[in-house]
Q: 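Below is one structure. I have some questions about it.
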Amino acid sequence: MDMPSTVATALPRHHEVPSESDLEVVAKQLGRAPRGVLAVAYRTPDGQPAVVATAPKLDDGTPFPTLYYLTDPRLTAEASRLEVAQVMKWMEGRLAHDGDLQADYRAAHEHYLSTRNAIEDLGTTFSGGGMPDRVKCLHVLIAYALAEGPDRVRFGTEAVALAADHANLRGTAIPAEWPTADDLGITASVNEFTGEELA
């Protein structure tokens, strides 16, 4: 099965049309039948579909603005753990005072909207993850970074690095070559807002 041309043109080339077995794996990961899956946007080094690209509107017409959806339970659990550890607050604190981060986050927001709108325009400026002004969902930012690579959205790249470094997911759920927290120049062991260990 081929992707519709509008989808194939909008999404990065490495995204794959999902096979029936991919959709079965995703259903097991989610505990329900997946909806609106257009592509496997990221596959783990150990071969599992882990991020899917979803249609902006589901089959019943319901808007679904989350372009990239995180499905791998190892990654969703780690995203939740990082959220509990106040990583979003730490990122938002930096965002408020760092012009480079603001520019990166706005560019990531605009790219997300542009990609989704090229598939189907929802007529909204909402993207996901809190972009471009807040950090609200690490699941979305991790999915976005894994789907498009470490140079697309800095906060997503950082969250993936923290997940890799703290949950021993490098080489299994996360690429071995993904930048480390040290590579990115971020504190990986202590949350500066709570003083609690992230690991």
Q: Identify the heavy atoms of Ile142 and Ala79 that sit nearest to each other, and give their distance.
A: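 Minimum heavy-atom contact is CD1-CB, 3.8 Å.
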Q: For the residue pair Pro179 and Arg170, what are the closest heavy atoms and their distance?
A: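 For Pro179 versus Arg170, the nearest heavy atoms are O-NH2, 3.6 Å.
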Q: Is any side-chain heavy atom of Asp183 less than 4.5 Å from a side-chain heavy atom of Trp178?
A: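 Not in contact.
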Q: With no hydrogens and no angle check, just 3.5 Å: does a side-chain donor-acceptor pair link His111 and Ser127?
A: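 Note: His111 and Ser127 side chains miss the donor-acceptor criterion.
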Q: Going from CG on Leu141 to OG1 on Thr157, what distance comes out if it is rounded to the nearest 0.5 angstrom?
A: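 Leu141 CG to Thr157 OG1: 9.5 Å, rounded to 0.5 Å.
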Q: Just verifying a value: how many Å separate Gln48 CD and Lys28 NZ, rounded to the nearest 0.5 Å?
A: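 Rounded to the nearest 0.5 Å, the CD-NZ separation comes to 10.0 Å.
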Q: Of all the heavy-atom pairs spanning Glu78 and Ala163, show the shortest one and how long it is.
A: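 For Glu78 and Ala163, the tightest heavy-atom pair comes out as CG-CB, 3.3 Å.
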Q: State whether a side-chain donor-acceptor pair under 3.5 Å links Ser19 with Asp22.
A: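 Per modelled atom types, Ser19 and Asp22 side chains form a pair under 3.5 Å.
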Q: So do Tyr144 and Leu70 actually touch side chain to side chain, heavy atoms under 4.5 Å?
A: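 Side chain of Leu70 against side chain of Tyr144, heavy atoms only: no contact under 4.5 Å found.
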Q: Quick one: closest heavy-atom pair of Gln102 and Ala96, and the distance?
A: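 What the structure gives for the nearest pair is NE2-O, 3.5 Å.
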Q: Check the pair Leu38, Thr54 against side-chain contact (heavy atoms from CB on, under 4.5 Å), reporting the backbone distance first and the verdict last.
A: CA-CA 5 Å; Leu38 299 174; Thr54 59; 5.9 Å; no
Q: Could you check if a side-chain atom of Leu162 sits within less than 4.5 angstrom of a side-chain atom of Ile186, using non-hydrogen atoms only?
A: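 Heavy-atom side-chain distance check passes, below 4.5 Å.
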Q: Can you tell me how far the CD atom of Gln29 sits from the CZ atom of Arg74, to the nearest 0.5 Å?
A: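 So the CD of Gln29 and the CZ of Arg74 are separated by 8.0 Å.
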Q: Taking the side chain as every heavy atom from C-beta outward, state whether His139 and Glu83 have any atom pair closer than 4.5 Å.
A: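 Side-chain contact under 4.5 Å: yes.
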Q: Rounded to the nearest 0.5 Å, what's the gap from CG on Asp72 to CZ on Arg43? Could you check?
A: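 One finds 11.5 Å between CG of Asp72 and CZ of Arg43.
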Q: Is Pro45 close to Thr172 at the side-chain level, that is, under 4.5 Å between some pair of heavy atoms?
A: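 No. Closest side-chain heavy atoms not under 4.5 Å.
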Q: How many angstroms lie between atom OG1 of Thr44 and atom CD1 of Ile174, to the nearest 0.5 angstrom?
A: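 Thr44 atom OG1 to Ile174 atom CD1 measures 10.0 Å (nearest 0.5 Å).
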Q: Identify each donor-acceptor pair in which a side-chain atom of residues 59-69 lies under 3.5 Å from a protein atom, sequence neighbours left out, and give them as a table.
A:
residue	atom	partner	partner atom	Å
Asp60	OD1	Thr62	N	2.9
Asp60	OD1	Thr62	OG1	2.7
Asp60	OD2	Thr62	OG1	3.2
Tyr68	OH	Glu148	OE2	2.7

Q: Which atom pair, heavy atoms only, marks the closest approach of Pro175 to Tyr42?
A: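 Of all heavy-atom pairs spanning Pro175 and Tyr42, the closest is CD-OH, 3.1 Å.
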Q: Mind checking whether Met91 and Leu138 have side chains closer than 4.5 Å, heavy atoms only?
A: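 Yes - at least one pair of side-chain heavy atoms lies under 4.5 Å apart.
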Q: State, with a plain yes or no, whether a side-chain heavy atom of Arg94 is found less than 4.5 Å away from one of Phe155.
A: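 Touching, per the 4.5 Å side-chain cut-off.
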Q: Shortest non-hydrogen contact from Leu184 to Ala161?
A: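 Closest approach of Leu184 to Ala161: CD1-CB, 3.8 Å.
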Q: Roughly how far, to the nearest 0.5 Å, is the CZ atom of Arg116 from the CZ atom of Phe126?
A: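 One finds 7.5 Å between CZ of Phe126 and CZ of Arg116.
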